[in-house]
Amino acid sequence: MRTDMRKNSKSSWPKVIARKWLNIPSGADEFQSDYAVNGETGDRRKSCCDQDYHSIVPENFSGWLTETAGGIKPSKSMPEPPPVTDSLNLRMFVGTWNVGGKSPHEGLNIRDWLSSPAPADIYVLGFQEIVPLNAGNVLGAEDNGPAAKWLSLIREALNSDQSDKELARCYSDATEESSPSSLQLEQQASLKPRTSFTDLLSMEDELGEEDFERLLNLNSNSSEEGSPSPTYMSGSPARQHFCLAASKQMVGLFLCVWVRTDLYKHISNLKVSCVGCGIMGYLGNKGSVSISMTLHQKTFCFVCTHLTSGEKEGDEIRRNSDVAEILKRTKFSRSFRDLRQPFHPENILDHNKVIWLGDLNYRLAPGCVDTHELLKKNNWQALLEKDQLRIEQRAGRVFSGWEEGRICFAPTYKYLADSDDYVVQTSNSKEKRRIPAWCDRILWKGEGLKQVWYSRGECRFSDHRPVYSLFSVHINLANKLIPTAISCPPRFSSKSALSSACGAKVQAEELLVIPGHKAA
């Protein structure tokens with residue numbers, strides 16, 4: 001048996017390599033998702049071919065036989081649904097982190113990265129280099145082990161009971177009085193800045209009354225000399241359980257979307273798309289992983305990218321080209337079921353709301369002779385004048401019409417391993433000398449998105465620091481369209497790389513056609 005398995009494994013390698021070199025999709029539309037929420041079971045339509053799959057029947061549809069654990073019975077008459085409000089305001093946490101090809105160890109604390117000024121309803125987390133970008137990983141079969149570990153850590157962090165006081169421990173050292181060395185100044189500047197009164201007023205409309213008062217009180221208690229701002233984790237008493245809406249990996253790129261369980265039923269049309277921009281312009285050592293979804297008939301697209309590296313003059317043009325290729329080549333497949341539904345976008349810019357995150361790799365423009373002095377003085381705004389992304393965006397060569405928040409934190413790359421020192425600060429380092437830069441960024445496009453927070457974490461796990469942002473998401477429900485077809489859940493396989501019993505791969509979708517029901 002083992003000999004046969006080895007033979008099969010070896011024989012599959014040439015096929016995998018050939019597919020990657022020829023850019024032939026192989027399971028590109030498959031992704032991982034939580035297939036059940038808290039083990040909930042509901043009435044379902046009895047099908048003549050009913051085996052492992054089922055279709056959801058609308059509550060106001062009667063006359064069909066439904067099946068429950070107790071057998072077949074007539075459908076119940078359901079009460080009138082509650083009145084629908086005209087709008088919905090949600091909070092969305094977006095984070096990106098290049099983890100340097102390292103697999104997470106057990107007990108890695110990611111709660112500092114996942115903390116925010118207010119609790120979020122949606123978490124969008126993107127990773128780069130979750131596996132080393134060597135020939136085996138780029139050309140060979142996908143290594144899903146690290147992705148499963150990250151999912152397990154995130155699930156535990158989002159659904160654990162962790163108090164705000166415990167979460168604030170990582171900031172306690174910053175409040176201790178000591179003589180300000182250059183290293184300590186860099187550490188203090190990299191902490192989340194104290195929120196100004198003007199910013200607090202702007203947050204009042206975006207946060208709920210209770211969250212706003214809490215943020216105001218905690219902010220007033222912070223010192224005037226840059227003590228850390230308050231954080232909020234989903235593990236507070238007011239938290240809700242989170243489930244995985246979708247996750248997708250391409251070589252070292254990994255993107256996952258988590259939502260509150262009560263929002264899950266309003267999500268549909270989950271799609272994924274991968275674009276390789278690496279070796280030969282097609283391999284997946286660089287490129288993008290995108291997830292498309294519909295929430296309350298509004299379309300969202302999340303694009304996690306790792307663009308061309310390098311700080312030589314002209315490398316920024318290659319990064320611009322990567323962005324153009326990703327926008328051009330990202331396509332979300334459509335099925336027969338989609339044709340009976342309201343409009344579903346096929347590319348990135350067709351979506352109502354788009355978030356672009358990742359290691360964009362834009363550096364500081366060459367010729368900035370006073371870089372080291374500006375670093376010592378923590379003069380980020382002067383350094384940002386040399387930021388290639390801002391220069392290219394202002395010139396209209398990339399991300400035209402996209403928005404990015406104000407950067408008030410230290411450059412996120414490149415650090416020595418397990419250190420707060422940049423590589424450029426040590427002359428005896430064996431690491432490649434790199435000028436510190438804001439490689440890790442979050443941009444957005446679309447109406448109804450407003451950034452409330454933009455900061456970075458301080459975990460020393462890799463040579464990059466994680467970056468995160470909190471968005472207020474406004475969804476207008478007044479123009480919500482009535483679906484023209486019955487919503488059916490994705491079809492799942494029973495096997496998954498996840499240890500969780502509810503992890504599964506989406507492989508197909510099922511259409512339920514109701515006699516006498518005409519599409520609009």
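All figures in this text were calculated on a predicted structure; none of them were measured in a lab. Sequential numbering from 1 along the given sequence is applied to the chain's residues.
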Residue pairs involving residues 273-287 (criterion salt bridge (charged side-chain N to carboxylate O under 4.0 Å, His left out); sequence neighbours excluded):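 Every pair satisfying salt bridge (charged side-chain N to carboxylate O under 4.0 Å, His left out) with a residue in residues 273-287: there are none.
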Can you tell me which residue pairs pass the salt bridge (charged side-chain N to carboxylate O under 4.0 Å, His left out) test with a partner in residues 116-127, sequence neighbours excluded?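 Sorted result for residues 116-127: Asp121-Arg260.
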Less than 4.5 Å apart, side chain to side chain, heavy atoms only: is that true for [X] and [Y]?
{"X": "Arg91", "Y": "Leu470", "answer": "yes"}
{"X": "Glu142", "Y": "Val251", "answer": "yes"}
{"X": "Cys301", "Y": "Phe332", "answer": "yes"}
{"X": "Leu88", "Y": "His296", "answer": "yes"}
{"X": "Trp402", "Y": "Gln393", "answer": "yes"}
{"X": "Cys439", "Y": "Asn98", "answer": "no"}
{"X": "Val303", "Y": "Leu357", "answer": "no"}
{"X": "Leu151", "Y": "Trp258", "answer": "yes"}

Under a 3.5 Å threshold, yes or no: a donor from one side chain and an acceptor from the other, between [X] and [Y]?
{"X": "Asn352", "Y": "Glu447", "value": "no"}
{"X": "Ser160", "Y": "Arg111", "value": "yes"}
{"X": "Ser247", "Y": "Gln32", "value": "no"}
{"X": "Tyr362", "Y": "Asn320", "value": "yes"}

Looking at Tyr468, I'd like to know if the NZ or CZ of Arg456 sits under 6.0 Å from its six-membered ring centre while staying within 45 degrees of the ring's axis.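 No, cation not above the ring by the 6.0 Å, 45° rule.
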Would you verify whether the NZ or CZ of Lys102 falls within 45 degrees of the ring axis of Phe461 while also being under 6.0 Å from that six-membered ring's centre?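 Positive - Lys102 is close enough to the ring of Phe461 and near enough to its axis.
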Let's go through Arg465 and Asp112 carefully: what are the C-alpha distance in whole Å and the side-chain angles of both, what is the deciding distance for salt bridge (charged side-chain N to carboxylate O under 4.0 Å, His left out) to 0.1 Å, and is it a yes or a no? CA-CA 11 Å; Arg465 291 295 185 264; Asp112 169 46; over 6 Å; no
Rounded to the nearest 0.5 Å, what's the gap from [atom1] on [X] to [atom2] on [Y]? Could you check?
{"X": "Phe302", "Y": "Ile348", "atom1": "CZ", "atom2": "CD1", "answer": "12.5 Å"}
{"X": "Lys353", "Y": "Phe471", "atom1": "NZ", "atom2": "CZ", "answer": "12.0 Å"}
{"X": "Leu364", "Y": "Arg434", "atom1": "CG", "atom2": "CZ", "answer": "13.0 Å"}
{"X": "Asp262", "Y": "Lys265", "atom1": "CG", "atom2": "NZ", "answer": "7.0 Å"}
{"X": "Glu316", "Y": "Leu360", "atom1": "CD", "atom2": "CG", "answer": "13.5 Å"}
{"X": "His464", "Y": "Thr412", "atom1": "NE2", "atom2": "OG1", "answer": "7.0 Å"}

Closest approach of [X] and [Y], non-hydrogen atoms and distance?
{"X": "Gln128", "Y": "Thr96", "result": "NE2-OG1, 3.1 Å"}
{"X": "Ala245", "Y": "Tyr264", "result": "CA-CE1, 4.1 Å"}
{"X": "Gly405", "Y": "Arg390", "result": "O-NH2, 3.8 Å"}
{"X": "Asp143", "Y": "Pro146", "result": "OD1-CD, 3.5 Å"}
{"X": "Ile130", "Y": "Val99", "result": "CA-CG2, 3.8 Å"}
{"X": "Phe93", "Y": "Leu125", "result": "CE2-CD2, 3.7 Å"}

Report yes or no: does [X] contribute a side-chain atom to a donor-acceptor pair with the main-chain N or O of [Y] at less than 3.5 Å?
{"X": "Asp315", "Y": "Lys312", "answer": "yes"}
{"X": "Asn159", "Y": "Arg155", "answer": "yes"}
{"X": "Thr330", "Y": "Ile326", "answer": "yes"}
{"X": "Asn285", "Y": "Ile279", "answer": "yes"}
{"X": "Arg329", "Y": "Gly276", "answer": "yes"}

As a quick check of understanding, evaluate side-chain contact (heavy atoms from CB on, under 4.5 Å) for Lys149 and Glu106, giving each step before the final call. CA-CA 9 Å; Lys149 292 180 180 179; Glu106 187 176 352; over 6 Å; no
Does the salt bridge (charged side-chain N to carboxylate O under 4.0 Å, His left out) test come out yes or no for Asp359 and Arg319, once each step is laid out? CA-CA 11 Å; Asp359 181 359; Arg319 291 186 267 274; over 6 Å; no
Begin with the C-alpha distance, continue with both residues' side-chain angles, and end with the deciding distance and a verdict on side-chain contact (heavy atoms from CB on, under 4.5 Å) for Val272 and Ser290. CA-CA 6 Å; Val272 297; Ser290 303; over 6 Å; no
Electrostatic pair [X]:[Y] at N-O distance under 4.0 angstrom:
{"X": "Lys414", "Y": "Asp421", "value": "no"}
{"X": "Lys331", "Y": "Glu346", "value": "no"}
{"X": "Lys445", "Y": "Glu403", "value": "no"}

Begin from the C-alpha positions of Leu263 and Ile122 and carry the test side-chain contact (heavy atoms from CB on, under 4.5 Å) through to its verdict. CA-CA 9 Å; Leu263 283 178; Ile122 303 170; 4.2 Å; yes
State yes or no: are the ring centers of [X] and [Y] separated by less than 6.0 Å?
{"X": "Phe254", "Y": "Trp150", "answer": "no"}
{"X": "Phe399", "Y": "Trp356", "answer": "yes"}
{"X": "Tyr454", "Y": "Phe409", "answer": "yes"}

With sequence neighbours left out, write down each residue that passes side-chain contact (heavy atoms from CB on, under 4.5 Å) with [X], or none if nothing qualifies.
{"X": "Asp322", "answer": "Cys277, Leu307, Thr308"}
{"X": "Pro466", "answer": "Trp97, Trp113"}
{"X": "Pro345", "answer": "Thr299, Phe343, Asp350, His351"}

Could you give me the CA-CA distance, side-chain angles and deciding distance for Thr261 and Phe242, then say whether side-chain contact (heavy atoms from CB on, under 4.5 Å) is met? CA-CA 6 Å; Thr261 52; Phe242 286 83; over 6 Å; no
Would you indicate whether Arg318, at its atom CZ, is surrounded by more than 12 heavy atoms from other residues, nucleotides or ligands within a distance under 6.0 Å?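 Incorrect, the count does not exceed 12.
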Please identify each residue that fulfils salt bridge (charged side-chain N to carboxylate O under 4.0 Å, His left out) with Arg363, with sequence neighbours left out.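 Arg363 satisfies salt bridge (charged side-chain N to carboxylate O under 4.0 Å, His left out) with Glu311 once adjacent residues are dropped.
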